[in-house]
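So the structure is just underneath, and the comments pick up after that.
Counting starts at 1 for both ligands and their atoms, following the listed order. Excluded from the calculations below are hydrogen atoms, water molecules and symmetry mates; all remaining heavy atoms, backbone and side chain alike, are included. For clarity, every value in this text was computed on a predicted model and none was experimentally measured.
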Amino acid sequence: MTATTPTPDELREIPLLSTLSDQTLTVLVDYFTTADFRSGQSIVREGDVGYTFFVIRSGHVDVTQGTETLRMLNPGDFFGEIAIKSSDGKRSATVTARDDVEVWTMLGHGLRRLEVEHPDVAKALQQAAAERKSTE
Ligand code: CMP
């Protein structure tokens, strides 16, 4: 049976979180919950209001806008940060499972708290969001 929260060791493997201390990672596990998606299922849809942040545990996703594919994301990558950071709260793209996908999800307030307490994480998220928006 799949655990509903990650372990600190699993979180340390995620590049975005790899600089955090053991103590922080231990606190962070309770912010996350696990979700599964089948191949072809939409995880978020462009234009929807969303308040969840996702980290890919296993599987791959396609990021699309309209009919255009922007990127494929892999295990350890994250998505969903743009809607949380934007004033209208809307998803900038559709994210679809390419194969069976397992994610860890965190609500926006957890992500905001993480950013306030860890400026290096905030900076990495900011950079990713800026790069992603510039390629849309
Ligand atoms: P959000 O807008 O909340 O939901 C869709 C997500 O797709 C978005 O956050 C980003 O995490 C991700 N995304 C959007 N554009 C790109 C891109 N060009 N490259 C990679 N990921 C992207």
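Within the set Val63, Ile84, Leu73, the minimum heavy-atom distance to atom 7 (O) of ligand 1 is found for Val63. The option from Ala93, Ser92, Gly108 that lies nearest to atom 2 (O) of ligand 1, judged by heavy atoms, is Ser92.
The parts of Arg91 lying near ligand 1 are both backbone and side chain, judged by heavy-atom distances below 4.0 Å. Of the heavy atoms in Thr94, none comes closer than 4.0 Å to ligand 1. In Ile82, the parts holding a heavy atom less than 4.0 Å from any atom of ligand 1 are both the side chain and the backbone. Using a 4.0 Å cut-off between heavy atoms, Glu81 contacts ligand 1 through both its backbone and its side chain.
Atoms CZ and CZ, from Phe32 and Phe53 in turn, are 6.5 Å apart once rounded to the nearest 0.5 Å. Atom CD of Gln65 is separated from atom CD of Glu68 by 7.0 Å, given to the nearest 0.5 angstrom.
The shell of residues lying under 4.0 angstrom from ligand 1, judged by heavy atoms, includes Gly80.
The ligand atoms of ligand 1 that sit less than 4.0 angstrom from a heavy atom of Phe79 are 11 (O). Taking every heavy atom of Leu70 and a limit of under 4.0 angstrom, the matching atoms of ligand 1 come to 15 (N), 18 (N).
Considering backbone and side-chain N/O of Arg71, none are found under 3.5 Å from N/O of ligand 1. Inclusion of Ala83 in the set of residues having an N or O under 3.5 Å from an N or O of ligand 1 is warranted.
At a threshold of 4.0 Å, the pair Lys90-Asp48 does not count as salt-bridged, since none of the basic side-chain nitrogens sits closer than that to a carboxylate oxygen. Using a 4.0 Å cut-off between charged nitrogen and carboxylate oxygen, Asp9 and Arg12 count as a salt-bridge pair. Electrostatic pairing of Lys85 and Glu115 counts as a salt bridge here, judged by a charged N lying under 4.0 Å from a carboxylate O.
Shown here for Pro75 and Gly59, the closest heavy-atom pair between the two residues is CD-O, 3.2 Å.
Annotation: Arg113, atom CZ; neighbour count of heavy atoms from other residues, nucleotides and ligands within 6.0 Å does not exceed 12.
Between the side chains of Thr96 and Asp62, no donor-acceptor pair of N or O atoms lies under 3.5 Å.
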